[in-house]
Structures are given as structure tokens and as C-alpha cells.
Amino acid sequence: MSKWVYSFGDGAAEGTRQMKELLGGKGANLAEMSSIGLPVPPGFTISTEMCAWYDRHQQSYPDALTGQIEAAMQKMEQSVGAIFGDSQNPLLVSVRSGARVSMPGMMDTVLNLGLNDLTVEGLARRSGDARFAWDSYRRFIQMYGDVVMGVAHHLFEEALENLKLDKGVDLDTELDEKDLRDLVEMYKEEVERTLGKPFPQDPQKQLWGAISAVFKSWKTDRARVYRRLNGIPEDWGTAVNVQAMVFGNMGESSATGVAFTRDPSTGERAYYGEFLINAQGEDVVAGIRTPQHLTIKAREAGKSNKPSMEEAMPKVFGQLVGIFETLEGHYRDMQDIEFTVQDNKLWMLQTRSGKRTAKAALKIAVDMASEGLISEDEAVMRVDPAALDQLLHPTLDPAASRDVLTIGLPASPGAASGHVAFTADEAEARAKEGEAVILVRVETSPEDIHGMHAARGILTARGGMTSHAAVVARGMGRPCVSGAGALRVDVKTGEMTVGGRTIRRGEMITIDGSTGEVMAGHVPTLKAELSGDFAQLMAWADRARTMAVRTNADTPHDTETARGFGAEGIGLCRTEHMFFDGDRIIAVRQMILAEDEAGRRRALETLLPHQRQDFAEIFHIMRGLPVTIRLLDPPLHEFLPREEKEFAEVAAVMQVNPEHLRRRALELTEANPMLGHRGCRLGIAYPEIYEMQARAIFEAALHVGEQSGETIIPEIMIPLVSTVAELAFLKERIDAVAEIVFEEKETRLTYLVGTMIELPRAAITANEIAGKADFFSFGTNDLTQTTFGISRDDAGGFMPLYIDYGILSRDPFVSIDQTGVGELVRMGAERGRSTKAEIKLGICGEHGGDPASIHFCHGVGLDYVSCSPYRVPIARLAAAQAALEAKAALEGGKA
Ligand code: PEP
Ligand code: MG
């Protein structure tokens with residue numbers, strides 16, 4: 001018989017932390033904490049396999065499940081000494097979802113399950129606190145009514161607010177037992193009015209209702225959106241955790257809180273978190289009351305006059321700190337913890353690896369390695385390469401003037417400017433139009449995820465450092481200021497007011513998620529700081545990786561940036577981009593539109609000194625590192641004049657009639673330029689173009705080599721080759737130019753001639769092509785285009801639909817299609833090496849900066865990846881992780 005249910009509690013558990021796939025993250029960690037003797041309220045986890053079963057069987061359950069749940073409930077009853085549904089001594093439980101990875105968008109917690117009109121009286125008698133019992137009951141109806149039965153949350157909130165108004169009180173805690181009894185009646189009526197059926201009184205029914213609600217919540221749109229954005233497979237499913245209740249709302253000696261073992265924003269080694277006295281679970285996260293700090297230090301820094309936990313509950317705080325240390329030592333990572341104190345007794349409700357900013361991830365990884373808690377290689381594995389993006393982006397220029405509107409909480413670091421949008425849909429729509437947007441909300445909820453994703457930054461009026469906005473923004477790497485309490489947001493009128501000023505929809509603001517400042521207008525930014533922890537981790541990564549990392553750079557400026565980020569050479573210098581600059585475009589047009597070779601040669605004469613100068617600058621910056629220069633590969637239409645004025649300009653230089661030029665341009669227009677007269681086809685039709693470029697390269701390399709004393713070995717790359725004959729034809733001419741230049745200069749240098757592998761035929765015949773090539777660089781942009789037969793320029797029209805329908809799991813122009821395009825890369829590499837074992841292999845398509853694709857390239861055995869300058873650090877780290885994983889797999893295989 002299948003086992004669906006796994007118990008934990010009383011220092012033991014049927015699960016372990018390794019069983020995340022089966023028990024979900026929360027369930028596996030509750031089991032683990034239980035086994036290592038931490039105080040965990042007893043409970044059980046229904047496995048993720050049940051979620052899939054439930055879906056496959058029209059939302060029903062196997063017969064065996066009932067018995068397994070009954071047995072697990074009995075175990076809990078024995079452990080707690082109370083009975084589920086008993087009117088004298090009722091056991092209450094919480095029900096929570098828990099997937100393999102933490103996943104907002106699914107069902108939230110239901111607390112106090114098991115309460116009804118009878119058991120509430122039993123709870124009142126047992127606890128000796130009738131107010132507490134009725135408060136728990138009204139919370140239960142509210143939560144269950146909302147998340148399980150689908151009664152709108154605000155209906156309950158309004159009933160509560162009206163009652164507080166009637167009673168003339170501000171806080172929930174000021175309501176007495178009688179008020180809460182009334183509130184329960186109102187809530188029950190609200191449920192009946194909305195749904196036409198009463199609130200379920202049978203605890204068993206309540207339990208099964210909550211379990212089903214968790215499984216159903218796996219399929220909600222919110223959860224799907226989150227999974228899509230985060231690449232979480234649909235078939236993982238969620239587990240359900242049912243756990244005995246402990247109460248943080250049993251008076252002044254009770255509390256509930258969330259904590260991180262280190263600061264998740266900065267990574268600082270300081271306990272970090274918030275707690276609320278006399279409150280239950282979600283109150284802290286929901287931001288209903290402003291929570292208090294954990295430590296004296298944090299309270300002082302936050303200038304709060306409310307006592308910290310360290311002061312209010314020193315003994316329990318001491319225990320909590322002990323548990324922080326135990327957990328960090330055990331998990332060897334920063335932990336995100338939920339706890340409850342019931343009458344001065346501490347209970348652990350959750351631990352998991354804490355979400356953190358890129359900055360914190362870096363600091364924690366480097367610190368933990370220095371503390372000896374993890375190895376340097378492990379530190380390298382701990383930082384998500386894609387998250388480094390956050391660090392590489394600018395911060396506010398301290399010298400710039402700032403018109404500060406207000407200061408909120410520094411919830412997620414980084415600075416961003418953008419036009420204000422007040423709803424997630426608006427943010428998304430405007431971002432699609434290419435606008436920079438700041439999403440401003442009173443507070444965010446999982447429904448806002450798409451808007452948060454589309455926005456450059458997020459600003460909320462309510463919510464603490466652990467609010468939804470803060471946690472999600474940090475995960476996404478978006479700057480966020482939360483809890484800017486002075487802000488009044490009016491979504492209907494489309495404006496916000498702060499300090500007597502009004503900002504309307506579409507106006508520009510700037511937020512600094514590192515300081516909490518909110519500013520009017522645009523504030524200039526500065527480059528990121530790349531020393532310290534960043535440099536340390538990069539040094540460990542560089543030691544671990546085996547692939548080199550080069551950059552795609554066409555200008556001296558990009559080349560400088562990339563060197564600063566640690567590029568070890570240029571993998572692709574697209575020379576056509578150099579042709580767009582200033583007056584050169586006229587000469588280029590002159591060359592393209594020329595009627596004959598003589599006309600082309602005249603135009604090329606003008607271009608030669610510019611090219612030589614560009615190449616010299618790049619060789620100079622790269623100081624002897626390899627530089628691959630690709631000869632001209634323009635889809636011709638990009639260069640043809642379009643406007644009247646442009647034709648006139650070229651005509652004047654060429655001394656011809658503009659009308660004549662227009663006719664010539666028409667002749668050159670292609671039906672399908674991406675597959676037309678580009679790449680080496682152009683070089684073959686007009687060899688003088690490539691000859692000029694080769695001359696510029698050789699002259700520049702000789703010049704810089706002589707001046708600097710460095711050995712410059714230029715790598716000349718031919719684009720869009722599909723047969724070895726094309727390459728042979730062009731290589732012969734390049735070699736001839738080399739000989740002429742060497743003779744003229746009376747000196748020689750070593751150079752390489754290689755090719756892009758970016759057409760399927762090239763990959764398939766790579767064994768032949770390798771005979772004429774010193775190196776291959778896989779041009780996976782064109783290889784993806786031509787393998788799929790999807791135009792690079794037109795994919796945007798339907799790709800989102802393909803991803804939405806799951807036809808493709810990722811955009812193949814972003815992350816390499818390993819089974820199709822990747823197979824051609826593998827084939828090209830193998831066949832190339834079969835002819836020439838020492839042939840140098842790299843990749844220069846966009847995939848060279850994508851972590852998953854970099855892993856793939858490591859597996860294929862490429863020598864280097866090349867990517868845009870800002871992605872160089874990402875590629876260095878991803879290449880290191882690929883190498884370390886491969887090493888671990890090899891060692892695992894040997895063991
Ligand atoms: C490629 O096709 O992958 C490539 C790098 O060249 P381009 O993007 O310039 O066509
Ligand atoms: Mg290409």
C-alpha cells in the first residue's frame with residue numbers, strides 16, 4: 001500500500017530534510033527539526049504525490065488516505081493530550097501548503113482548524129481565557145471562509161472595522177469576549193449570505209476542506225504565473241502540512257515572529273526579524289500591527305520605542321538565539337524561521353534557506369567560507385549567477401541632488417527611476433511599451449506578481465521588511481521600498497499624496513531600495529562596486545572553472561567595461577557595428593551602392609583608416625588577450641539609405657543622381673534579408689571588403705604589438721559559412737593580404753582564421769570545415785534561427801504564446817534548446833575535433849551569457865563562452881558552477 005502520510009513531532013519524524021520532493025520544503029524541514037530535537041508542534045505531512053493523484057482522479061482521494069490521516073491524527077492527539085473535535089478538550093490544527101521550493105501564490109495558512117460552536121467553549125474552559133478562544137474562532141472563520149470557501153477577505157475586514165467603530169476602539173486587542181462572540185455570529189452570517197450555506201461545524205469536514213483547498217491552490221492562476229516566471233515544473237505538486245496549534249495570542253507571555261539568522265538584505269551577521277506579542281501567525285507578515293524588533297541593536301537602529309524581544313522576553317530570546325546557531329550549524333546556510341511563543345514556551349514552526357538579496361548572498365557565502373562553515377567551492381555554488389545582475393547595476397549618485405518625498409523601509413536594494421503605475425496590469429502594459437515603471441501599491445499581494453516583474457522598482461505604503469512586497473522584490477532582484485507610511489495612494493484618481501505633494505500616474509519618481517528613500521523625478525546613478533566580497537567570490541570561481549570567459553564587444557567603451565568585469569578576451573567583435581558610426585555610414589552606403597569594384601574600392605579606402613584605428617584601440621585595451629574579429633556580416637537592408645536626405649548625402653559623395661541610387665537600392669532589396677546576401681556570401685561577391693578589413697586588422701595588430709611589446713595574435717572570423725569551400729575561398733584571400741602587409745611592414749605575426757558555426761550545414765560538415773579553420777565559434781543566434789526556421793526578428797510575435805502553452809519551456813533565443821540546437825553544437829564540436837583535435841571552440845551567441853546554456857557548453861567541452869560585458873561575471877560564476885557540478889558528479893560516480 002502506498003504511503004501518503006508522514007508524521008513528525010516529539011523528537012522524531014518519518015521524514016528527513018532530504019525528502020523535499022515528497023514532503024515539500026516545509027514538511028521536510030519540520031521533520032528534520034523534529035529529529036534533531038528542536039521544539040516542533042507535532043503533526044503530519046501529506047505527500048506531493050497525493051497532489052498529482054488528486055489531479056489525475058478528478059479531485060478525489062484514494063481510500064487508504066483516510067486511514068493514514070486518522071492514524072496520524074491519533075498520534076498527534078496522544079502527543080498533545082487533546083482530541084480533535086472534542087467539546088471538552090479540543091485539539092486544534094493548522095493546515096499549510098508546502099511545495100518543493102517556497103512558492104507564493106498557493107493557499108495560505110488556515111489556523112485554529114477544529115473550532116466550532118461547541119469546541120470553542122471547550123477551548124475557553126481549558127485555557128481559562130474565553131476571550132482568547134473566541135478570538136481564535138473568529139480568526140478561523142475569517143481564514144477558512146476566505147482561503148477555503150472563497151468569501152472575499154474584505155467582507156470580514158469590514159465587519160471587524162464596523163464593530164471597532166461601534167465600540168470606539170482602534171485595535172483588535174481592545175475587543176472583549178462579548179464583542180468577539182458577536183463578531184463570530186456576524187462572520188457566520190456573512191458566509192451564509194455569500195455562499196447560501198452555513199459555515200461547516202464538523203471538524204472532519206473542515207479538515208478535508210482545507211486539505212483539498214491546498215491541492216486545488218496548486219492550479220490557481222497566481223501559482224501558475226509564479227511557476228512560469230521561476231521555471232518550476234507543473235508536475236511537482238504541493239504537500240499539505242497539518243500541525244497541532246500553538247498559540248501566540250494567549251496574552252502578554254505569548255508572541256509570534258519571523259527571523260533570519262543573518263540580515264537577508266545586507267548579509268550582515270546579525271539576527272534579524274520581527275515579532276508581535278499576543279498575536280497569531282500571519283499578523284506579522286500581513287503588516288496588521290507594526291511588529292517589534294528582535295534585538296536591542298536593531299531597535300536602536302530603527303529608532304523604535306517599543307521593546308525588542310531581547311528586552312521583552314529575554315529568556316525565550318536566549319533560547320531562540322541558541323536555535324539559530326543550531327540551525328545554521330546543521331543546515332550550513334542562513335535560515336528563515338517562523339516561531340511562536342505560547343505562554344513563555346518557544347515553538348518552531350518553520351525553517352528554510354532564507355531568500356536574500358544578491359549582495360547578501362555574496363556576503364553570506366564569503367563569510368561562511370571564512371568562518372569554516374562551508375568550503376570555498378561551496379561558497380561558489382551558493383550564489384545564483386543570474387542574481388549577480390543586481391550587483392552589477394548602478395546605485396544612486398551620492399553627489400546628485402535629491403528631492404526626497406518620504407522615507408520608507410529599505411526592503412530590496414538598488415535604485416530605480418520610473419513612471420508611476422498604481423496597478424499591476426498598468427505596470428505590465430506600460431512596461432511592454434518600453435517604459436520604465438515604478439509600481440506603487442498600498443501593499444502587494446500575489447496577484448501583483450506580473451506587475452512587480454514588469455516594474456523597475458516597487459514602492460508600498462504598508463508592510464514591513466518581511467511583507468510580501470519585500471520578500472518577492474528581493475527574490476526578483478527588483479529595488480523595493482516598503483512601508484512608506486506617509487504615502488496616501490488613491491488608485492481610483494490615479495494619484496498619490498505625500499507631505500502635501502501630489503504625484504500623478506505617469507510622473508517620474510526614483511526609489512532607493514538600499515536606504516528607503518523615495519524621490520521626485522529622476523536621480524542619476526553610479527556604477528556598481530566590484531571589489532570586496534564580489535572580487536573574493538569571483539577569484540574562487542575563476543579557480544574552479546575550466547572554460548574561459550570572453551566578451552562580445554564592438555567598441556572601445558564596451559571592451560573597457562568587459563575587462564573591468566574580468567573578460568579574458570573578445571569572442572566576437574561585430575565589425576558591421578563599427579560601420580554605423582558618424583560619417584562612416586556614408587562611405588559604407590557608397591560601397592554598397594557602388595556599381596563596380598573600382599567604386600567599392602574608393603569607398604573602402606575611406607573606411608580603412610577608421611577600421612585600423614578601431615582595431616588598434618581594442619587590441620590596446622585587451623593587451624595581448626585573444627581578440628576575435630568577425631568580418632562584415634550585415635543584412636544589407638540595415639545599411640541602405642531610407643530617407644530622402646540620406647540618399648542625397650550619398651549621391652553627393654558619389655557624384656551621381658539620387659534617383660539612380662534609389663533604383664540601385666531597390667535592386668539590392670531582398671525578400672528575406674536574414675537568409676539573404678549576408679555573411680561570407682557578401683565577402684565572396686565583393687572580396688575587396690574582406691581584404692580591406694583583413695588589412696586593417698593586420699596593420700593594427702602589428703602597430704600595437706610594436707608599440708606595447710605585447711604579442712598580438714588576431715583571430716579573424718568568417719561568418720555564415722555553410723560549406724568548407726566558402727571558407728577556403730576567403731581564407732586564401734586573407735592569407736594573401738597577410739603576406740602583402742607583412743612584406744610592406746617587413747615584419748610578421750601569428751594570426752588565426754576561423755569560422756562561425758551558425759548554420760546547420762556547417763555543424764553537420766564541421767569535420768570538413770575544420771580542415772580549413774583554426775577555430776570555431778558557435779553562433780547560436782543564427783543556429784537557433786535556422787534550426788527552428790524561426791526568424792530572429794519575428795519570434796516575438798508568437799514566442800510568448802509558445803511559452804504560455806508549454807510548447808517550449810523557455811525561449812530558445814534566450815536559453816539554448818539543448819535537445820535540438822544543442823545537439824548540433826555537440827555534433828559540430830565532435831566532428832570538428834575529429835579532424836583537428838586542437839581546434840579552439842567557443843560560443844558567441846546570446847546563450848554565452850545564460851547560466852543554463854553555459855552549463856551545457858561545459859558539458860560539450862567548449863574552451864570558452866563569450867557574452868555581453870555585463871554578463872561576464874555571471875558567465876564566470878556559471879562556468880565555475882558547471883565545472884564544480886561536473887567534478888562532484890564524477891566523484892559521486894567513482895564512489
Ligand atoms: C550568432 O548568430 O549567434 C551571432 C553571434 O551572430 P549575430 O548575432 O551577429 O548574427
Ligand atoms: Mg550570426
Side-chain angles (χ1 to χ4, degrees), residues 549-555 558 562 567 569-580 627-639 670 672-683 689-690 693 715-722 726-727 730 754-763 766 769 773 775-796 811-818 820-822 824-826 828-829 840-850 853-854 856-857 860 862-869 871-872 875:
V549 175
R550 298 196 192 180
T551 190
N552 295 355
D554 321 319
T555 63
D558 284 358
I570 290 183
L572 174 63
C573 172
R574 291 175 164 107
T575 51
E576 57 276 11
H577 291 181
M578 299 171 156
F579 282 15
F580 279 113
V627 174
T628 304
I629 294 170
R630 182 178 73 186
L631 303 186
L632 199 62
D633 176 19
L636 274 185
H637 66 295
E638 287 183 17
F639 289 99
E670 292 177 311
N672 200 340
M674 269 296 181
L675 300 176
H677 200 175
R678 52 175 288 228
C680 66
R681 298 159 199 170
L682 196 74
I689 301 178
Y690 280 10
Q693 291 198 292
E715 302 179 356
I716 298 175
M717 180 153 77
I718 313 292
L720 224 69
V721 159
S722 55
E726 288 169 322
L727 180 60
L730 292 167
T755 181
M756 310 259 314
I757 300 288
E758 53 184 342
L759 294 173
R761 194 181 189 287
I769 294 176
F775 63 90
F776 286 169
S777 179
F778 289 93
T780 43
N781 301 334
D782 274 309
L783 194 57
T784 300
Q785 165 168 268
T786 48
T787 302
F788 275 91
I790 293 178
S791 149
R792 289 160 68 169
D793 290 342
D794 302 310
D811 181 344
F813 288 102
V814 173
S815 195
I816 198 165
D817 156 48
Q818 301 192 6
V821 178
L824 284 170
V825 171
R826 188 187 303 280
K840 198 160 24 160
L841 302 178
I843 180 173
C844 63
E846 278 307 295
H847 307 88
D850 167 66
S853 311
I854 293 170
F856 176 80
C857 293
V860 171
L862 298 192
D863 297 303
Y864 69 86
V865 298
S866 186
C867 56
S868 58
R871 289 164 92 185
V872 165

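In this chain, residues are counted from 1 in sequence order. Both ligands and their constituent atoms are indexed starting at 1 by order of listing.
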Please check: side-chain N/O of [X] versus main-chain N/O of [Y], any donor-acceptor pairing under 3.5 Å?
{"X": "N781", "Y": "E846", "answer": "yes"}
{"X": "T575", "Y": "R630", "answer": "yes"}
{"X": "S866", "Y": "T551", "answer": "yes"}
{"X": "H847", "Y": "P812", "answer": "yes"}
{"X": "Q693", "Y": "L631", "answer": "no"}

With atoms numbered from 1 as shown, which atoms in ligand 1 lie under 4.0 angstrom from a non-hydrogen atom of [X]?
{"X": "G779", "answer": "1 (C), 2 (O), 3 (O)"}
{"X": "N781", "answer": "1 (C), 2 (O), 3 (O), 4 (C), 5 (C), 8 (O)"}
{"X": "M756", "answer": "4 (C), 5 (C), 6 (O)"}
{"X": "D782", "answer": "1 (C), 2 (O), 3 (O), 10 (O)"}
{"X": "R678", "answer": "10 (O)"}
{"X": "R792", "answer": "2 (O), 7 (P), 8 (O), 10 (O)"}
{"X": "R574", "answer": "4 (C), 5 (C), 6 (O), 7 (P), 8 (O), 9 (O)"}
{"X": "C844", "answer": "5 (C)"}

(message) For N/O/S atoms only: which one belongs to D782 and is nearest the Mg ion (ligand 2)?
(response)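 It is OD2 of D782.
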(request) Please report the C-alpha distance between E670 and R678 in whole Å, then the side-chain angles of each, then the deciding distance to 0.1 Å, and finally whether the salt bridge (charged side-chain N to carboxylate O under 4.0 Å, His left out) criterion is met. (result) CA-CA 11 Å; E670 292 177 311; R678 52 175 288 228; over 6 Å; no
(message) At under 4.0 Å between heavy atoms, is it the side chain or the backbone of L783 that contacts ligand 1, or both, or neither?
(response)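 Contact part for L783 vs ligand 1: neither.
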(request) Indicate if the distance from the Mg ion (ligand 2) to the nearest N, O or S atom of E758 falls below 2.8 Å. (result)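 So E758 does bind the Mg ion (ligand 2) by this criterion.
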(message) Check contact between R630 and ligand 1, using heavy atoms of the residue and a distance below 4.0 angstrom.
(response)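 Yes.
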(message) Just verifying a value: how many Å separate Y864 OH and T628 OG1, rounded to the nearest 0.5 Å?
(response)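 Those atoms lie 4.5 Å apart.
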(request) In sequence, state the C-alpha distance, the side-chain angles, and the governing distance for R871 and D850, and then conclude on salt bridge (charged side-chain N to carboxylate O under 4.0 Å, His left out). (result) CA-CA 8 Å; R871 289 164 92 185; D850 167 66; 5.0 Å; no
